[in-house]
Amino acid sequence: MAQQDEIFKKLVSHSKEYGFIYPSSEVYDGLAAVYDYGPYGSLLKNNIKEYWWKAMVQLNENIVGIDAAIFMHPKTWKASGHVDAFNDPMLDNKDSKKRFRADQLIEGVIEKLQDKINKEVEKAAKRFGDSFDEKMFRKTNPRCVEYAAKAADIDHRMNLHMKNGDMVGLKSMIDELEIADPDTGSRNWTEVRQFNLMFHTQLGNIAGEESKLYLRPETAQGIFVNFLNVQKSTRQKIPFGIAQIGKAFRNEIVARQFIFRMREFEQMEMQFFIRPGTQQDWYAKWKETRMAWHLALGTPQSKLRFKDHDNLAHYADAAVDVQFEFPFGFRELEGIHSRTDFDLGAHQELSGKKMQYFDPELGENYVPFVVETSIGCDRMFLAMMSHAFTEEDVPDAKGEDAKRTVLKLHPALAPVKCAVLPLLKNKEELTSAAMKIFNDLRYVVNCQYDEKDAIGRRYRRQDAIGTPYCITVDFQTLEDNTVTIRDRDTLQQERIKIEDIERIVLQKTDMRRLLEKL
RNA sequence: GCGGAAGUAGCUCAAUUGGUAGAGCGACAGCCUUCCAAGCUGUAGGUCGCGAGUUCGAGACUCGUCUUCCGCUCCA
């Protein structure tokens with residue numbers, strides 16, 4: 001574990017040192033849990049997005065892409081359940097220093113009351129034997145009735161406070177019910193404070209409730225509200241999908257672990273609209289499809305796994321995570337959710353606009369069901385970086401063991417595909433020949449020319465940013481128009497003709513090679 | 001928000017009991033160099049996180065403050 005921690009730290013500093021990820025606003029001492037993508041980082045991130053987009057949109061004639069705005073009508077978030085479900089009332093125990101959700105503490109009391117009722121029922125069942133009428137007992141037994149009434153009262157009042165955002169009311173309930181920290185028994189609580197997981201800003205210049213706008217906490221809603229627009233303008237028939245890549249914002253209480261949990265992040269989401277009742281088949285199909293997408297990158301099966309959700313979100317009837325083994329353990333990378341007709345149904349209800357599809361085969365209208373695939377772009381980035389980051393021993397110029405740090409990124413994802421290097425800087429014939437090759441190749445792939453320092457050092461610099469291939473121009477080049485091409489992972493060199501460089505580099509690094517595996 | 005740790009050059013870290021801020025690596029320039037972090041020379045880069053206090057004198061001691069990291073609570 002300590003070793004894993006060490007590797008993670010090295011990855012973080014490597015990311016900064018080589019221009020992948022910088023802490024945000026570093027000159028002002030940084031901004032917690034916000035990061036900027038540097039030159040190589042943004043190239044890598046774009047390649048990840050391209051791989052996803054092409055796999056989803058380009059290769060599926062029944063999936064189309066959109067780019068919806070981050071700002072949406074505030075009612076969107078009312079319909080989606082985010083306004084209500086993402087306001088968490090929290091309080092701390094001053095003695096144990098632990099933090100709790102006020103509503104969960106109060107619900108604990110309700111659960112205890114229900115346990116008491118169940119115990120009464122059990123006792124009575126034993127007493128009365130076969131003649132026991134449980135329903136009647138629950139309704140008539142004075143203790144059961146009392147407990148049930150109390151539970152209902154607490155539940156009712158809590159919901160009222162939650163609805164009104166009445167933090168003081170929640171706190172007074174906690175005092176009144178004499179709720180204690182379950183571990184320590186302490187009742188020394190702070191005030192209840194509200195944590196809203198959505199960021200907001202205002203539309204127009206006048207601040208006020210009516211002009212309050214949220215920064216979207218998920219991209220999915222931009223897809224749902226455009227469902228009919230897209231279906232009609234692209235003449236799609238169910239089943240079909242809408243894909244989108246975009247930023248989302250969540251005011252996490254604690255954002256940690258580098259870019260794994262950020263307050264501003266990027267999602268790659270696809271909502272697949274289907275006939276009600278077919279959701280299980282499509283859920284299974286997308287689980288399989290998405291896993292294949294991950295495996296095509298060469299990520300070992302052992303680093304990926306499915307993890308079913310224990311608690312389903314308010315909109316889902318089935319949910320599974322694709323987890324990746326990060327340096328800090330298996331964590332969620334992608335979610336696949338069967339979202340039922342919850343979202344479209346909610347928008348239909350709140351907007352008063354029909355969100356229905358006429359199915360010509362069935363000859364009827366219905367609100368489609370949805371299976372969602374949602375992957376965190378930044379998490380995918382971190383997964384690729386942490387899998388690729390390698391420190392290994394290789395022989396140096398004297399044949400002794402030396403360390404090299406190399407990013408073994410999939411060639412199709414690598415930010416720079418190829419470096420063109422003259423063996424020596426001070427031989428004009430070599431540099432001009434190399435420059436000529438470089439100026440030709442740059443039209444085809446992202447490549448670099450480097451003549452500074454000894455050749456070995458230049459190779460290592462390219463290793464550090466994950467460049468899969470290095471073309472070296474040497475004296476033999478001047479005689480027979482051949483160059484060497486060095487493989488990042490094997491360090492093997494092959495001699496190839498200059499005229500073949502473009503074809504060979506493309507063949508090895510083109511996204512096509514990756515997409516064909518799907 | 002609470003608790004813990006840490007802030008000195010781009011990076012990693014030094015600086016005896018308080019006495020003029022250094023090294024290695026990296027960067028840049030030049031020379032040299034025929035394939036895996038080579039050598040030589042030179043250059044740039046720091047109000048020691050910030051603010052007070054103690055002292056003849058503070059990077060070091062005291063107090064405050066800010067930021068980051070780790071843990072806890074939350075995580076669609």
Side-chain angles (χ1 to χ4, degrees), chain A residues 5 8-10 12-14 16-19 22-23 25-33 80-82 85-105 181 183 190-191 193 195 197-198 217-218 220-221 248 250-258 260-261 263 267 269 309 311-316 319 321 328 331-332 335 337 339 342-343 372 374 376 394-400 402-406 421-427 430 452-464 470 472-477 483-484 486 488 491-493:
Chain A
D5 268 9
F8 186 50
K9 275 185 192 157
K10 280 184 184 169
V12 172
S13 57
H14 188 91
K16 185 185 161 199
E17 190 174 353
Y18 287 94
Y22 310 124
S25 324
E26 209 186 359
V27 294
Y28 294 108
D29 293 324
L31 185 62
S80 69
H82 286 83
F86 283 73
N87 280 321
D88 292 339
M90 314 284 291
L91 78 171
D92 295 332
N93 187 282
K94 290 180 190 167
D95 296 323
S96 67
K97 311 293 182 199
K98 298 247 170 134
R99 175 169 289 176
F100 297 88
R101 260 174 66 175
D103 55 325
Q104 285 180 349
L105 286 176
D181 181 324
D183 295 330
T190 62
E191 293 308 303
R193 289 180 307 266
F195 286 78
L197 271 72
M198 283 195 289
E218 63 175 17
Q221 298 305 326
R250 294 179 193 175
N251 199 1
E252 303 282 354
I253 300 162
V254 171
R256 285 284 160 80
Q257 272 145 346
F258 197 36
F260 182 80
R261 179 166 293 115
R263 298 203 166 96
Q267 294 185 307
E269 290 200 313
H309 280 211
N311 301 313
L312 291 174
H314 57 275
Y315 53 70
D321 287 343
F328 40 85
R331 293 294 144 81
E332 179 190 350
H337 304 136
R339 289 182 81 131
F342 175 88
D343 299 277
E372 162 191 273
S374 172
V394 292
D396 66 7
K398 293 167 196 141
E400 287 167 21
K403 279 249 182 301
R404 87 164 173 153
T405 303
V406 52
L421 317 168
L423 184 59
L424 299 174
K425 184 175 83 165
N426 59 355
K427 295 282 183 290
L430 294 181
K452 181 93 172 77
D453 299 314
I455 188 75
R457 182 185 295 265
R458 283 178 272 161
Y459 286 145
R460 297 299 169 84
R461 266 207 290 269
Q462 295 300 330
D463 289 342
C470 290
T472 302
V473 172
D474 57 14
F475 290 99
Q476 192 179 330
T477 307
V483 293
T484 62
R486 167 197 183 261
R488 175 195 68 199
L491 303 178
Q492 294 303 306
Q493 284 178 297

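Order of the sequence lines sets the chain letters (A, B, ...), proteins ahead of strands, with each chain counted from 1.
- For the pair A:Arg461 CZ and B:C35 P, the interatomic distance rounds to 17 Å; values are reported in whole Å.
- For B:A6 and B:A15, the P atoms lie 14 Å apart once the distance is rounded to whole Å.
- For A:Lys425 and A:Asp453, the salt-bridge test fails: no basic side-chain N is under 4.0 Å from an acidic carboxylate O.
- Residue whose closest nucleotide on RNA chain B sits further toward the 5' end, between A:Arg339 and A:Thr472: A:Thr472.
- Between the side chain of A:Gln493 and the base of B:C35 there is at least one donor-acceptor pair of N/O atoms closer than 3.5 Å.
- When each of B:A76, B:A27, B:C28 is scored by its nearest atom to the side-chain atoms of A:Lys452, the top-ranked nucleotide is B:C28.
- Atom name C1', nucleotides B:C66 and B:U54: the rounded distance is 23 Å, in whole Å.
- Distance check on atom C1': B:G57 versus B:G64 gives 23 Å, rounded to whole Å.
- Nucleotide B:U68: paired with B:A5 (Watson-Crick or G-U wobble, both distances less than 3.5 Å).
- Across B:A27, B:A76, B:A37, the shortest atom-to-atom separation from the side chain of A:Tyr18 is found for B:A37.
- Side-chain N/O atoms of A:Arg486 and base N/O atoms of B:C36 include a donor-acceptor pair closer than 3.5 Å.
- For the pairing with A:Cys470, the side chain to side chain contact (heavy atoms under 4.5 Å, CB included) check across A:Arg488, A:Gln493, A:Gln462 returns one residue only, A:Gln462.
- Counting only heavy atoms from C-beta on, A:Asn426 has its side chain closest to B:C32 among B:C32, B:C36, B:A29.
- The distance from atom CD of A:Gln492 to atom C1' of B:C36 is 12 Å, rounded to the nearest whole Å.
- Computed from coordinates, the A:Phe8 CZ to B:U68 P distance equals 16 Å when rounded to whole Å.
- Note on A:Arg460: a side-chain N or O is less than 4.0 Å away from OP1 or OP2 of B:A37.
- Nucleotide B:U43 forms a Watson-Crick or G-U wobble pair with B:A27, both donor-acceptor distances falling under 3.5 Å.
- Nearest nucleotide to the A:Thr484 side chain, out of B:C35, B:A38, B:A37: B:C35.
- The distance from atom CD1 of A:Ile455 to atom C1' of B:C35 is 6 Å, rounded to the nearest whole Å.
- Interface remark: the A:Arg261 side chain does form a donor-acceptor pair with the B:C75 base, using a distance-only criterion of under 3.5 Å.
- Taking the P atoms as reference points, B:C13 lies 36 Å from B:U55, given to the whole Å.
- As rounded to whole Å, 5 Å separates atom C1' of B:C35 from atom OH of A:Tyr459.
- Between the C1' atoms of B:U20 and B:C56, the separation comes to 15 Å (whole Å).
- For the pair A:Arg457 and B:A38, the criterion of a side-chain N or O lying under 4.0 Å from OP1 or OP2 is met.
- The pair A:Arg404-A:Asp463 meets the salt-bridge criterion, since a charged nitrogen lies less than 4.0 angstrom from a carboxylate oxygen.
- Regarding A:Phe475, its CZ atom lies at a distance of 10 Å from the P atom of B:U33, rounded to whole Å.
- Under the Watson-Crick and G-U wobble criteria, each requiring two contacts below 3.5 Å, nucleotide B:U17 is left unpaired.
- Comparing B:C11, B:U34, B:A37 by their closest approach to the side chain of A:Lys16 singles out B:C11.
- Side-chain contact between A:Thr477 and A:Leu430 is absent, with no heavy-atom pair separated by less than 4.5 Å.
- Note on A:Asp463: nothing from the nucleic acid sits closer than 4.0 angstrom, heavy atoms only.
- In the set B:A76, B:U34, B:G26, the nucleotide with an atom closest to the side chain of A:Arg250 is B:A76.
- Comparing the C1' positions of B:A76 and B:G7 gives a spacing of 37 Å, expressed to the nearest Å.
- The same atom, C1', is picked in B:G10 and in B:U43; the two are 16 Å apart, to the nearest Å.
- Residues A:Pro217 and A:Arg250 share a closest heavy-atom pair of O-NE, 2.9 Å.
- We find that NZ of A:Lys425 is positioned 14 Å from P of B:A38, with the value rounded to whole Å.
- The distance from atom NZ of A:Lys10 to atom P of B:C11 is 18 Å, rounded to the nearest whole Å.
- Counting only distance, with no hydrogens or angles, the side chain of A:His14 and the backbone of A:Thr405 share no donor-acceptor pair below 3.5 Å.
- A:Glu269 has its side chain within reach of A:Glu372: a pair of non-hydrogen atoms, C-beta onward, lies under 4.5 Å apart.
- Here the separation of B:A58 from B:U17, taken at their C1' atoms, is 14 Å to the nearest Å.
- Pairing of B:G51, defined by two Watson-Crick or G-U wobble distances under 3.5 Å, is identified with B:C63.
- Contact annotation: the side chain of A:Asp474 approaches that of A:Thr484 to within less than 4.5 Å [non-hydrogen atoms, C-beta and beyond].
- Nucleotides of RNA chain B nearest to A:Ala464 and A:Glu332 differ in position, and the one nearer the 5' end is that of A:Ala464.
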